[in-house]
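Here the structure comes first, spelled out in structure tokens, and everything after it is commentary.
All heavy atoms count here, side chains included; hydrogens, waters and symmetry mates do not. In the text below, chain A, chain B and the rest are named by the order of the sequence lines, each starting its count at 1.
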Amino acid sequence: MNRYLITSAIPYINGIKHLGNLVGSQLPADLFARYQRARGAEVMFICATDEHGTPAELAATKAGKPVAEYCADMWQVQKDLSDRFRLSFDHFGRSSSKRNHALTQHLAGKLADNGLIEEVVEKQVYSKADGRFLPDRYIEGTCPNCGYENARGDQCEECTKQLDPTDLINPRSAVSGSTDLEVRETRHLYLRQSALRDKLNAWIDSKNDWPVLTTSIAKKWLNDGDGLRDRGITRDLDWGVPVRRGDQDWPGFESKVFYVWFDAPIEYIAATAEWADSNGLSENDWERWWRTEKGAENVRYVQFMGKDNVPFHTLSFPATIMGSGEDWKLVDYIKSFNYLNYDGGQFSTSQGRGVFMDQALDILPSDYWRWWLLSHAPENSDSEFTWENFQQSVNKDLADVLGNFASRVTKFCRAKFGEVVPEGGTYGTDEERLIADLTTRIRAYEAHMDAIDIRKAAGELRAIWVAGNEYLQSAAPWAVFKEDPAKAAAIIRLSLNLIHLYAILSAPFIPDASATLLAAMGSEKEEWPAHVRPALETLAPGQTFTVPDVLFAKISDEDRESWQSRFSGIRD
RNA sequence: GGGCCUGUAGCUCAGUUGGUUAGAGCAGAGCGCUCAUAACGCUUUGGUCGUAGGUUCGAGUCCUACCGGGCCUACCA
């Protein structure tokens with residue numbers, strides 16, 4: 001049996017994610033997981049919240065809660081939204097879990113044993129008023145280059161010049177506004193990625209089937225300037241994985257934690273262990289997904305992420321895995337995405353611009369969003385959400401082409417034969433042509449899904465729906481019924497089976513609507529159609545069904561206009 | 001500044017290793033059907049493929065320059 005380990009980039013804890021985040025990792029990962037399960041593969045689909053780092057601490061402070069409590073609350077919020085979007089994670093973990101603490105410390109210890117950790121004393125800006133060291137971008141001041149007064153310590157957004165926080169004129173804390181800052185020395189651990197550069201380079205070179213977006217970003221980091229740079233993997237923060245060398249103290253680092261980007265990808269592994277724990281399973285049950293000597297050799301590991309996450313998944317995390325010297329599974333394929341823009345600008349969490357997951361579900365069921373987002377996934381370049389496009393696509397594809405097909409078939413049958421699959425009649429040329437057409441299209445659909453070519457897969461699925469309407473128009477059971485009711489029965493029996501077939505094929509994209517259709521057809525069978533002809537005989541004569549309610553109600557112009565104005569500003 | 005991606009019909013996008021008259025969906029127009037969520041089907045109008053050069057028997061596809069859009073640039077994650 002094929003085995004797929006699928007991970008979605010883990011969403012950061014500080015707030016509800018917007019649709020751009022969703023379509024950039026979790027949603028396509030879910031599509032692939034659902035598809036592979038439907039094809040009979042054994043799937044382990046993992047996600048989690050990414051809970052450490054300065055923004056999490058600041059968000060907790062702003063919310064007036066202890067950071068642990070804030071993260072626990074936000075984890076629940078994100079978990080609930082994931083469920084409501086039908087993201088079918090086998091486990092939705094937390095990077096703050098005990099498992100991740102232990103594994104992160106373990107891997108750091110192994111890296112140190114292998115000479116890949118270096119201690120570096122560096123200078124950092126400390127804010128006395130805030131009682132914390134501040135990352136470069138949390139220091140603001142006047143740009144020495146252009147005079148912009150709100151330049152950040154890493155870069156001036158006005159003139160785009162790269163800056164060092166000490167370059168700023170009149171620097172202040174972006175957190176409190178305090179100017180009581182000083183430069184202090186602090187000791188940190190660095191991961192010697194540079195020592196693994198050749199190995200990483202060769203590994204990336206061997207991945208010639210990866211998206212250009214993925215490999216070009218990796219290559220840039222490997223070859224830019226002096227090549228891959230070492231990276232600090234510890235921080236002076238309170239909240240995080242305490243720095244320890246395996247289960248031993250790490251002298252001089254007692255008050256420090258690992259950097260969020262060091263422990264976050266490790267959580268993919270730890271979350272799988274959490275999955276085993278929460279299901280009462282053994283170590284071996286999760287290790288067979290991750291330890292090559294325990295079965296993971298035969299696993300295909302696919303990661304999904306937005307392009308901003310690519311360097312960490314192509315370089316830092318593999319460096320951790322390779323450098324450990326242990327038999328951990330390396331990723332086999334990285335599917336990366338560009339950004340989804342919102343109505344002429346970027347979605348923005350910090351500015352509250354765009355549509356957020358909770359708001360989206362307030363106005364429409366998840367299938368509407370899943371379909372639009374996936375069929376417009378930003379695979380080759382940034383793509384754009386507009387309400388007009390959303391309304392048009394959803395109304396046409398879901399309501400008119402798919403929903404109306406189910407409606408016209410079931411209602412015609414009810415009127416002429418009752419709510420039961422009619423018997424009698426034989427297939428003719430229309431039916432043979434349909435079967436041939438569907439066979440070609442389904443095989444193409446599978447090929448696109450296997451290749452994780454999402455927009456093409458959506459296009460092919462839509463064409464499969466259209467084929468049903470074409471067939472119905474050509475076979476015209478409403479006309480045939482008058483002369484030859486048996487023939488009309490055969491046409492409708494086939495059409496009812498088409499609804500069943502569509503439910504199965506469409507489930508990865510629109511799981512709820514698919515479940516509704518399957519229930520209406522009174523069928524428990526969810527077998528993937530290896531062959532079209534037998535698949536269209538699943539519903540046997542005499543089987544009862546019910547006419548489903550309107551599967552997808554159309555979005556009216558009034559709705560669209562009201563949402564357009566409601567989401568034109570920023571969220572409070 | 002550097003790197004990468006991108007510019008194809010009104011809109012969203014396909015265009016395989018360069019190979020006849022450049023495709024699809026939506027929108028528009030016409031016709032048909034009347035089972036259906038005024039739904040469906042058929043036909044059809046739209047493009048000197050960002051611009052200018054170059055390579056070639058042949059360029060949307062390769063090369064160069066320029067113009068426009070986007071992203072990344074390592075202490076946000």
Side-chain angles (χ1 to χ4, degrees), chain A residues 9-14 50-56 58 122 124-125 133-139 152-155 160-162 164-165 174 188 193 211-213 215-217 219-221 223-225 228-232 235 259-261 264 306-312 315-316 338-339 341 346 349-350 375-376 378-384 386 388-389 392-393 395-416 455-456 458-459 462-463 466 468-479 481 488 491-492 495 547 549-554:
Chain A
I10 66 178
Y12 200 63
I13 195 72
N14 70 340
D50 179 13
E51 304 192 358
H52 301 138
T54 306
L58 297 178
E122 57 189 15
Q124 290 258 318
V125 175
F133 282 97
L134 292 174
D136 292 355
R137 71 159 40 200
Y138 283 97
I139 300 155
R152 293 189 324 210
D154 57 341
Q155 184 175 36
T160 73
K161 185 177 173 60
Q162 307 263 322
D164 191 86
H188 283 295
Q193 298 182 137
V212 177
L213 184 63
T215 49
S216 64
I217 292 172
K219 283 297 201 180
K220 175 64 171 25
W221 281 52
N223 299 317
D224 194 36
L228 187 60
R229 297 178 218 166
D230 294 339
R231 196 172 182 100
R235 291 290 184 275
Y259 175 43
V260 54
W261 260 117
K307 57 186 166 185
D308 49 334
N309 278 338
V310 168
F312 304 99
L315 304 169
S316 310
N338 286 285
Y339 292 144
N341 290 320
Q346 290 191 346
T349 302
S350 56
S375 61
H376 294 79
E379 291 176 293
N380 294 332
S381 59
D382 292 352
S383 64
E384 173 151 319
T386 64
E388 286 84 356
N389 187 304
Q392 211 168 62
S393 296
N395 284 355
K396 194 71 191 172
D397 299 348
L398 298 181
D400 294 346
V401 177
L402 176 62
N404 182 55
F405 178 77
S407 186
R408 65 194 296 206
V409 169
T410 52
K411 286 184 178 173
F412 180 82
C413 185
R414 180 173 62 185
K416 305 298 183 189
R455 279 179 308 178
K456 287 182 181 174
R462 185 187 189 283
V466 167
N469 284 309
E470 289 171 355
Y471 164 70
L472 220 49
Q473 184 64 33
S474 172
W478 48 88
F481 183 79
I491 293 167
I492 287 304
S495 300
V547 173
D549 291 334
V550 170
L551 196 62
F552 291 101
K554 290 202 197 191

Does [N] have OP1 or OP2 under 4.0 Å away from a side-chain N or O of [X]?
X: A:Tyr259; N: B:C76; answer: no
X: A:Lys396; N: B:C40; answer: yes
X: A:Tyr339; N: B:C72; answer: yes
X: A:Asn341; N: B:C71; answer: no
X: A:Arg462; N: B:G25; answer: no

Across the strands shown, which category fits [X] at heavy-atom distances under 4.0 angstrom: base, sugar-phosphate, nothing?
X: A:Phe133; value: nothing
X: A:Ser393; value: nothing
X: A:Pro55; value: sugar-phosphate
X: A:Lys307; value: sugar-phosphate
X: A:Asp308; value: base

[X] has an atom [atom1]; how far is it from atom [atom2] of [N], in whole Å?
X: A:Asn380; N: B:U12; atom1: CG; atom2: P; value: 15 Å
X: A:Lys456; N: B:A14; atom1: NZ; atom2: P; value: 8 Å
X: A:Ile217; N: B:C4; atom1: CD1; atom2: C1'; value: 8 Å
X: A:Asn223; N: B:A74; atom1: CG; atom2: P; value: 16 Å
X: A:Ile10; N: B:C76; atom1: CD1; atom2: P; value: 17 Å
X: A:His52; N: B:C75; atom1: NE2; atom2: C1'; value: 18 Å
X: A:Arg229; N: B:U73; atom1: CZ; atom2: P; value: 11 Å
X: A:Arg231; N: B:C75; atom1: CZ; atom2: C1'; value: 8 Å

Counting only side-chain heavy atoms from C-beta out, which of [options] sits nearest to [X]?
X: A:Val212; options: B:C76, B:C5, B:U12; answer: B:C5
X: A:Glu470; options: B:G70, B:G41, B:U73; answer: B:G41
X: A:Gln392; options: B:A14, B:A27, B:U73; answer: B:A27
X: A:Arg137; options: B:C76, B:A77, B:G41; answer: B:C76
X: A:Tyr12; options: B:C4, B:G41, B:A77; answer: B:A77

- request: Taking all non-hydrogen atoms of both residues into account, name the closest pair between A:Arg455 and A:Asn380 and its distance.
  value: NH2-ND2, 3.2 Å
statement: In terms of heavy-atom contacts, A:Asp50 and A:Tyr12 come closest through O-CD1, 3.2 Å
[atom1] gap between [N] and [M], integer Å:
N: B:U16; M: B:G23; atom1: P; value: 14 Å
N: B:G30; M: B:U45; atom1: C1'; value: 10 Å
N: B:U44; M: B:C4; atom1: P; value: 44 Å
N: B:A22; M: B:A65; atom1: P; value: 30 Å
N: B:U61; M: B:G19; atom1: P; value: 11 Å
N: B:G47; M: B:C33; atom1: P; value: 32 Å
N: B:G25; M: B:U64; atom1: C1'; value: 36 Å
N: B:U55; M: B:G69; atom1: P; value: 31 Å

- prompt: Does any donor-acceptor pair link the side chain of A:Glu122 with the base of B:C75 at a separation under 3.5 Å?
  reply: yes
- prompt: What orientation do A:Phe481 and A:Phe412 show, parallel under 30°, tilted 30 to 60°, or perpendicular over 60°?
  reply: perpendicular
message: Before you tell me yes or no, could you show the steps for A:Tyr259 and A:Arg231 under side chain to side chain contact (heavy atoms under 4.5 Å, CB included), namely the whole-Å CA-CA distance, both residues' side-chain angles and the distance that decides it to 0.1 Å?
response: CA-CA 10 Å; A:Tyr259 175 43; A:Arg231 196 172 182 100; 3.7 Å; yes
query: For nucleotides 28-37 of chain B, read 5' to 3', which letter fits each nucleotide if B means a protein heavy atom sits under 4.0 Å from the base, S means only the sugar-phosphate is that close, and - means neither?
result: ----BSSBBB
field: Pairing string, 5' to 3', for RNA chain B - Watson-Crick or wobble contacts under 3.5 Å, brackets [ ] where pairs cross, | to another strand
entry: (((((((..((((.....[...)))).(((((.......))))).....(((((..]....))))))))))))....
Any donor-acceptor pair under 3.5 Å from [X] side chain to [Y] backbone:
X: A:Ser474; Y: A:Glu470; value: no
X: A:Ser383; Y: A:His376; value: yes
X: A:Asn395; Y: A:Lys554; value: no

message: Checking A:Asn469 against A:Arg408 for the side chain to side chain contact (heavy atoms under 4.5 Å, CB included) test, could you report, in this order, the C-alpha distance in whole Å, the side-chain angles of both residues, the deciding distance, and whether it holds?
response: CA-CA 10 Å; A:Asn469 284 309; A:Arg408 65 194 296 206; 2.8 Å; yes
message: What I want to check is whether the side chains of A:Ser393 and A:Asp397 have a donor and an acceptor closer together than 3.5 Å.
response: no
task: First locate atom CH2 of A:Trp478, then atom CD of A:Gln473, and finally report the distance between them rounded to the nearest 0.5 Å.
output: 5.0 Å
query: Do A:Tyr471 and A:Ile491 have side-chain heavy atoms sitting under 4.5 Å apart?
result: yes
task: Check the pair A:Trp221, A:Val310 against side chain to side chain contact (heavy atoms under 4.5 Å, CB included), reporting the backbone distance first and the verdict last.
output: CA-CA 10 Å; A:Trp221 281 52; A:Val310 168; over 6 Å; no
field: Base orientation of B:G47, syn vs anti, 90° cut from 0
entry: anti
- line: Comparing nearest nucleotides in RNA chain B, the 5'-proximal residue of the pair A:Glu384, A:Lys220 is A:Lys220
task: Report the residue (A:Gln193 or A:Ala264) whose heavy-atom-nearest nucleotide on RNA chain B is the more 5′ of the two.
output: A:Gln193
message: Working note: A:Arg229 + A:Asp224, criterion side chain to side chain contact (heavy atoms under 4.5 Å, CB included); need CA distance, chi angles, decisive distance, verdict.
response: CA-CA 9 Å; A:Arg229 297 178 218 166; A:Asp224 194 36; 4.0 Å; yes
